[in-house]
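Structure first, then comments.
Numbers here simply count residues along the sequence, with the first being 1. The figures that follow rest on heavy atoms only: side chains count, while hydrogens, waters and symmetry mates do not.
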Amino acid sequence: MPEIMLVRQEQGALSEDDKAAARRAIFGMVDGLGERGRRQWRRLWNHILKLEPGEMLSVATHLPRSGKFHRRHFAIEQALFEAQERFEVFDQFIYWIKVGAGWVTWAAGPKGGVVPIPRSISYAAADQAEFHDFHDQVMQFLRGPHAARYLWPHLKDGRADEMMESILGRFEE
């Protein structure tokens, strides 16, 4: 679930006219669903407006994912896995893709070095915008100079790149 960190700036207090305009915009365009939702929405904004300069607030959001986009991405991964020659276990293949795409958290390793830990792309961990970023990073990695040659080491003279494009091209919109 994407998290947004907010911090109260050093700006002066709002005039009553500014506060009224903000309320009209905030509660007029979007409001909580039902009485309980409306109370929660107003409490959140009251809390935000009462922050002191320098105070921080974390807001977790969950934006729905496009099922069509999600299925297309996983169909690409499945087609590549079935065609490649390096990995026998799908999860290892996915970890390799995530690391190659830079979809990782860097952490201290067991011997003091820094190691990449693949990040989750679950619905709870990545909304549509983040999943789209992940997909773009994966496509960039797969079309980069290393992925095809690694997945099909026996293919020479650009044939591995042609193999990659023949698979990825089936999924282009």
Please set out all donor-acceptor pairs under 3.5 angstrom arising from side-chain atoms of residues 14-27, sequence neighbours excluded.
| from | atom 1 | to | atom 2 | distance (Å) |
| --- | --- | --- | --- | --- |
| S15 | OG | D18 | N | 3.1 |
| S15 | OG | D18 | OD2 | 3.3 |

> Are H47 and L51 close enough that some pair of their side-chain heavy atoms sits under 4.5 Å apart?
Replying inline: yes
>> Just so I know, are the side chains of R39 and E35 near enough to count as touching, which here means a heavy-atom distance under 4.5 Å?
In response: yes
>> According to salt bridge (Lys or Arg N to Asp or Glu O under 4.0 Å), does anything in residues 156-171 pair up with another residue at least two apart or in another chain? List the pairs.
In response: R143-E165, R159-E162
> With S122, which residues qualify under side chain to side chain contact (heavy atoms under 4.5 Å, CB included), at least two apart?
Replying inline: S120, A124, A125
> How many angstroms lie between atom CZ of R43 and atom CZ of R38, to the nearest 0.5 angstrom?
Replying inline: 13.0 Å
>> Is there a side-chain contact between E130 and R119 in this structure, where contact means two heavy atoms from C-beta onward sitting under 4.5 Å apart?
In response: yes
> Which heavy-atom pair separates A126 from R65 by the least distance, and what is that distance?
Replying inline: O-NH2, 2.9 Å
>> Nearest 0.5 angstrom please: I121 CD1 to D133 CG, how far?
In response: 12.5 Å
What donor-acceptor contacts under 3.5 angstrom involve side-chain atoms of residues 73-81, with partners at least two apart or in another chain?
| from | atom 1 | to | atom 2 | distance (Å) |
| --- | --- | --- | --- | --- |
| H73 | ND1 | H135 | ND1 | 2.8 |
| H73 | NE2 | E77 | OE2 | 2.7 |
| Q78 | NE2 | E82 | OE2 | 2.8 |

> Is M5 isolated, or which residues cluster with it under the ILVMFWY side-chain rule of less than 4.5 Å, directly or via members?
Replying inline: V7, M56
> Around atom CD of Q140, are there more than 12 heavy atoms of other residues, nucleotides or ligands at under 6.0 Å?
Replying inline: no
> If you round to the nearest 0.5 Å, how far is CG of L57 from NZ of K50?
Replying inline: 13.5 Å
> A101: what forms a side chain to side chain contact (heavy atoms under 4.5 Å, CB included) with it, not counting sequence neighbours?
Replying inline: Q137, V138, F141
>> If I take atom CD from residue Q40 and atom CH2 from residue W45, how far apart are they, to the nearest 0.5 angstrom?
In response: 15.5 Å
>> I'd like to check the side chain to side chain contact (heavy atoms under 4.5 Å, CB included) partners of R71; sequence neighbours left out, ordered by chain and number.
In response: K68
>> Could you check whether any side-chain heavy atom of T105 comes within less than 4.5 Å of a side-chain heavy atom of P116, counting everything from C-beta outward?
In response: no
>> Taking salt bridge (charged side-chain N to carboxylate O under 4.0 Å, His left out) as the definition, give me every residue that meets it alongside R42, ordered by chain and number, with sequence neighbours left out.
In response: D31
> Hydrophobic cluster mates of V89, side-chain heavy atoms under 4.5 angstrom, ILVMFWY only, any path?
Replying inline: none
>> Any heavy-atom pair between the side chains of I117 and V104 that's under 4.5 Å?
In response: no
> When clusters are formed by joining ILVMFWY residues with side-chain heavy atoms under 4.5 Å apart, either directly or through shared neighbours, do I94 and V115 land in the same one?
Replying inline: no
> Do I4 and L6 come within less than 4.5 Å of each other through their side chains, counting heavy atoms only?
Replying inline: yes
> Of all heavy-atom pairs between V99 and P118, which one has the smallest distance, and what is that distance?
Replying inline: CG2-CG, 4.1 Å
>> Under the rule for salt bridge (charged side-chain N to carboxylate O under 4.0 Å, His left out), what residues qualify as partners of R8, not counting sequence neighbours?
In response: none
> Do you know the tightest heavy-atom contact between M164 and W152?
Replying inline: CE-CZ3, 3.8 Å
>> Hydrophobic cluster membership, with links at side-chain heavy-atom distances under 4.5 Å among I/L/V/M/F/W/Y: are M29 and L49 in one?
In response: no
> So, do V30 and W41 sit near enough that their side-chain heavy atoms are less than 4.5 Å apart?
Replying inline: yes
>> Going by side chain to side chain contact (heavy atoms under 4.5 Å, CB included), name the residues that satisfy it together with E52, two or more places apart in sequence or in a different chain.
In response: E55
>> Once you measure the plane-to-plane angle for F93 and F90, does it fall in the parallel (<30°), tilted (30-60°) or perpendicular (>60°) bin?
In response: tilted
>> According to side chain to side chain donor-acceptor pair (under 3.5 Å), does anything in residues 85-103 pair up with another residue at least two apart or in another chain? List the pairs.
In response: E85-H154
